[in-house]
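Worth knowing before you read on, the calculation uses all heavy atoms, side chains too, and leaves out hydrogens, waters and symmetry mates. All of these numbers come straight from a predicted model, not from anything done at the bench.
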Amino acid sequence: MKIAAKDFFFQLGAMAALYAGAIALLNLLFRVINSAFPPTNQNYISYAYYGSPISLPVATLIVVLPLFLTLSWSIQQTYEAEPALREAGLRRWLVFITLFVAGVAMVADLVTILYYFLDGQDITTAFLLKGLSVLVVAGSIFGYFLTDLRGGLTRKNRMIWRAFAILLVLGSIIAGFVVMGSPATQRSLRQDSERVMNLENIQWQIINYWQSKNALPENLSGLTAGDVSGWVMPVDPETGSSYEYERTSDLSFHLCANFNLPTAEYVGNNGNVSIARPMMAEPSIMMKGISSWHHEAGRQCFERTIDPDFYPPNRPR
């Protein structure tokens with residue numbers, strides 16, 4: 001039987017939405033598991049925030065799940081009205097391709113997870129959870145379409161499968177927000193990260209000022225006085241207020257800012273990164289008394305002392 005253009009694109013769209021949703025769901029589950037049980041090869045701390053690692057998979061699921069369910073319902077209505085379409089070559093090809101992809105995904109992902117486990121890169125809990133995730137997602141897709149191909153799905157069974165898919169996706173999204181934090185938390189993290197970058201920017205301008213003038217500025221406005229480089233003094237990303245600066249001696253000063261969350265909120269156990277992408281263990285600042293930009297919530301000051309051996313002035317005293 002010849003398939004109408006509408007039926008062709010509906011079936012193709014449903015399969016595309018299914019593949020995109022399955023990939024996004026596994027991506028989400030794996031990132032949640034990695035955050036809750038960090039791999040042993042992540043031993044770095046970063047104070048730069050690159051966005052929530054679950055934002056893209058969650059957004060994808062929110063869009064493609066309703067799309068897939070709607071297209072599937074429409075296709076099923078067409079099959080009930082014209083049963084001959086169920087045996088059409090296009091549908092059978094798409095179903096067999098889906099079975100093949102789901103089977104390959106189960107085998108490939110399980111081999112990869114087993115490799116990481118045997119290589120000592122994942123702890124046992126993470127290994128078991130990732131393996132379970134692959135089996136549930138890919139196995140459910142394989143089981144559903146295999147049963148459908150054999151004609152064993154009734155209207156009631158389809159409703160049960162739809163309810164299972166919705167609960168699985170919603171549960172995964174909720175787990176992601178519980179582990180990674182809500183959108184409000186992500187916004188706070190982004191603002192705190194920008195504050196750290198702004199403070200580091202100001203700090204390097206102070207170092208340049210010291211090297212040029214062999215003295216620390218009296219206040220932050222001194223950094224821009226007579227400056228022709230076009231550098232603009234950064235301000236707090238949330239309030240728009242200026243950062244605090246105070247010269248405490250000829251070689252020392254401190255910088256202060258107000259933070260939304262403590263660093264511990266987004267750095268995992270044993271120093272492993274749970275939200276921020278790992279970059280370097282410590283900021284590359286060759287100054288006495290500097291270890292990190294680690295901060296608590298609220299007003300936090302960072303004491304800095306310039307080491308002339310690392311930053312000799314351009315004009316000796």
Are [Y] and [X] connected in a single hydrophobic cluster, I mean Ile/Leu/Val/Met/Phe/Trp/Tyr linked by side-chain heavy atoms less than 4.5 Å apart?
{"X": "Ile166", "Y": "Val58", "value": "yes"}
{"X": "Leu170", "Y": "Leu25", "value": "yes"}
{"X": "Tyr19", "Y": "Val107", "value": "no"}
{"X": "Val169", "Y": "Tyr144", "value": "yes"}
{"X": "Leu26", "Y": "Phe145", "value": "yes"}

Which heavy-atom pair separates [X] from [Y] by the least distance, and what is that distance?
{"X": "Val64", "Y": "Gly21", "result": "CG2-CA, 3.6 Å"}
{"X": "Ile141", "Y": "Ala102", "result": "CG2-CB, 4.2 Å"}
{"X": "Ala17", "Y": "Phe68", "result": "CB-CB, 3.9 Å"}
{"X": "Pro237", "Y": "Asn198", "result": "CD-ND2, 4.3 Å"}
{"X": "Lys130", "Y": "Ile33", "result": "N-CD1, 3.7 Å"}
{"X": "Pro234", "Y": "Ile202", "result": "CG-CG1, 3.7 Å"}

| said: Before you tell me yes or no, could you show the steps for Ile174 and Phe177 under side chain to side chain contact (heavy atoms under 4.5 Å, CB included), namely the whole-Å CA-CA distance, both residues' side-chain angles and the distance that decides it to 0.1 Å? | reply: CA-CA 5 Å; Ile174 292 172; Phe177 285 138; 5.9 Å; no
With the side chain counted from C-beta on, respond yes when [X] and [Y] share a heavy-atom pair under 4.5 Å apart, and no when they do not.
{"X": "Asn201", "Y": "Met197", "answer": "no"}
{"X": "Gln211", "Y": "Pro312", "answer": "yes"}
{"X": "Leu29", "Y": "Val137", "answer": "yes"}
{"X": "Ser252", "Y": "Ile306", "answer": "no"}
{"X": "Arg190", "Y": "Gln186", "answer": "no"}
{"X": "Leu61", "Y": "Leu28", "answer": "yes"}

Nearest 0.5 Å, what's the [atom1]-[atom2] distance between [X] and [Y]?
{"X": "Asn260", "Y": "Asp192", "atom1": "CG", "atom2": "CG", "value": "4.5 Å"}
{"X": "Asn219", "Y": "Glu246", "atom1": "CG", "atom2": "CD", "value": "11.5 Å"}
{"X": "Leu199", "Y": "Glu244", "atom1": "CG", "atom2": "CD", "value": "10.0 Å"}
{"X": "Leu71", "Y": "Phe9", "atom1": "CG", "atom2": "CZ", "value": "12.5 Å"}
{"X": "Leu255", "Y": "Cys301", "atom1": "CG", "atom2": "SG", "value": "8.5 Å"}
{"X": "Ile54", "Y": "Ser172", "atom1": "CD1", "atom2": "OG", "value": "10.5 Å"}

Backbone of [Y] reached by a side-chain donor or acceptor of [X] within 3.5 Å:
{"X": "Asn258", "Y": "Arg299", "answer": "yes"}
{"X": "Gln76", "Y": "Ser72", "answer": "no"}
{"X": "Tyr245", "Y": "Pro217", "answer": "yes"}
{"X": "Asn208", "Y": "Trp204", "answer": "yes"}
{"X": "Thr70", "Y": "Pro66", "answer": "yes"}
{"X": "Trp161", "Y": "Lys156", "answer": "no"}
{"X": "His295", "Y": "Leu261", "answer": "yes"}
{"X": "Arg247", "Y": "Phe253", "answer": "no"}

| Stepwise side chain to side chain contact (heavy atoms under 4.5 Å, CB included) check, His254 with Arg304 | CA-CA 6 Å; His254 68 231; Arg304 301 301 190 235; over 6 Å; no
| said: What verdict does the side chain to side chain contact (heavy atoms under 4.5 Å, CB included) test give for Ile206 and Leu223, after you've listed the backbone C-alpha separation in whole Å, the side-chain angles of each residue and the deciding distance to 0.1 Å? | reply: CA-CA 7 Å; Ile206 294 173; Leu223 297 177; 3.9 Å; yes
| message | Ignoring hydrogens and geometry beyond distance, is a side-chain donor-acceptor pair present between Asp236 and Tyr243 at under 3.5 Å? | response | no
| said: Applying side chain to side chain contact (heavy atoms under 4.5 Å, CB included) to Val136 and Ser140, what does each step give before you reach the verdict? | reply: CA-CA 6 Å; Val136 169; Ser140 297; 4.2 Å; yes
| How about Trp210 and Tyr311: are their ring centroids closer than 6.0 Å? | no
| request: From the options Gln300, Glu200, Glu238, select the one residue that forms a side chain to side chain donor-acceptor pair (under 3.5 Å) with Arg195. | output: Glu238
